[in-house]
Amino acid sequence: MAFACGGRAENNKPVDSSPKFTQYYNQGEQLYQKYCSNCHQKDGAGLGRVYPPLNVSDYMDNHFNDVICLMRNGKKGELTVNNVNFHQPMPGIPALTDLEIAEIATYIYNTWSHQRGIVEVKEASMILNACPPSE
Ligand code: HEC
């Protein structure tokens, strides 16, 4: 298989090929397409100045805990991704379980330009228990 070089958001091969990682990743991909891709797009590129990108995002790199929390609680106010300002509210999805959030996080943090490794449900739960109250 040929790999393109120099693309900004080429898909990386996931860092982990264990059955557990693969299960989280595949579930996460389905959940992402169901709950997130209508705004952030299937390829994670976002939509202009309305929906911020996930494929390459310094916000995701620097605000891991906030990203875990915003899936459930949403986010109002402004944020900056790759020097672009966004100020459209993101609705939270309170129905997502801790496991589903860990799976989505595993997917978005190991796709496109990201290679973080698995996000365990234990880690997600710890962060979710400490989220600031939703605005
Ligand atoms: C209705 C549209 C919509 C949906 C659905 C949505 N988002 Fe967002 N998302 C936004 C908007 C708008 C922002 C910017 C919020 C702000 O400006 O405060 C955002 C911000 C983010 C950010 C932080 C900024 C960045 O680009 O790194 C992440 C990460 C993110 N969303 C992930 C998700 C995930 C994962 C899901 C699914 C569980 C999801 N979003 C569902 C609209 C959406």
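Counting starts at 1 for both ligands and their atoms, following the listed order. Residues take their numbers from the sequence shown, with the count starting at 1.
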Cluster link [X] to [Y], ILVMFWY, side chain under 4.5 Å:
X      : Y      : result
Phe64  : Leu79  : yes
Leu47  : Leu54  : no
Met126 : Ile118 : no
Tyr59  : Val84  : yes

Of all the heavy-atom pairs spanning [X] and [Y], show the shortest one and how long it is.
X      : Y      : answer
Ile108 : His114 : O-CD2, 3.3 Å
Thr80  : Asn85  : OG1-OD1, 2.9 Å
Asp58  : Asn82  : OD1-N, 2.7 Å

Check: Under a 4.0 Å heavy-atom limit, does Pro89 contact ligand 1 with its side chain, its backbone, both, or neither?
Finding: backbone
Next item on the list: Check each heavy atom of Leu31 against ligand 1 and say whether those closer than 4.0 Å belong to the side chain, the backbone, both or neither.
Entry: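 Neither; no heavy atom under 4.0 Å.
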Note to self: Between Asp98 and Arg72, does any NZ, NE, NH1 or NH2 come within less than 4.0 Å of an OD or OE carboxylate oxygen?
What the structure shows: yes
Checklist line | Val50 touching ligand 1 at heavy-atom level, < 4.0 angstrom | finding: yes
Note to self: With a 4.0 Å cut-off on heavy atoms, is Ala105 in contact with ligand 1?
What the structure shows: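 Distance cut 4.0 Å: Ala105 fails for ligand 1.
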Item checked: Atom CD of Gln23 with >12 non-hydrogen neighbours under 6.0 angstrom ->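 At most 12 heavy atoms, drawn from other residues, nucleotides or ligands, come within 6.0 Å of this atom.
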Quick one: nearest non-hydrogen protein atom to [atom], plus distance?
atom                    : result
atom 12 (C) of ligand 1 : Gln88 O, 3.2 Å
atom 27 (O) of ligand 1 : Ser57 OG, 2.7 Å
atom 5 (C) of ligand 1  : Tyr35 O, 3.2 Å
atom 23 (C) of ligand 1 : Tyr59 CD2, 3.5 Å
atom 26 (O) of ligand 1 : Pro53 O, 2.6 Å

Margin query: Could you check whether any side-chain heavy atom of Phe86 comes within less than 4.5 Å of a side-chain heavy atom of Glu78, counting everything from C-beta outward?
Written below: no
Check: Protein N, O or S atoms less than 2.8 Å from atom 8 (Fe) of ligand 1, ignoring waters?
Finding: His40 NE2, Met90 SD
Notebook entry, point to check: What is the distance from atom CE of Met60 to atom CG of Asn55, rounded to the nearest 0.5 Å?
Noted result: 9.0 Å
Under 4.0 Å from a heavy atom of [X]: which atoms of ligand 1 are those, numbered in the order shown and with their elements?
X     : answer
Pro91 : 1 (C)
His87 : 17 (O)
Ile93 : 38 (C)
Val81 : 24 (C), 25 (C), 26 (O)
Met60 : 27 (O), 29 (C)
Val67 : 29 (C)
Phe86 : 17 (O)

Checklist line | Heavy-atom donor-acceptor pair, Asp16 side chain to Gly117 backbone, under 3.5 Å | finding: no
Next item on the list: May I ask you to decide if Pro53's main-chain N or O and His40's side chain share a donor-acceptor pair within less than 3.5 Å?
Entry: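 Judged by distance alone, no pair lies under 3.5 Å.
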Check: Just checking, is any N or O donor in the side chain of Tyr25 or Thr111 under 3.5 Å from an acceptor N or O on the other one?
Finding: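 Thr111 and Tyr25 do have a side-chain donor-acceptor pair below 3.5 Å.
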Checklist line | Contact check: Gly77 vs ligand 1, nitrogen or oxygen atoms, below 3.5 angstrom | finding: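 Between Gly77 and ligand 1 (N or O atoms, distance only) the closest approach is under 3.5 Å.
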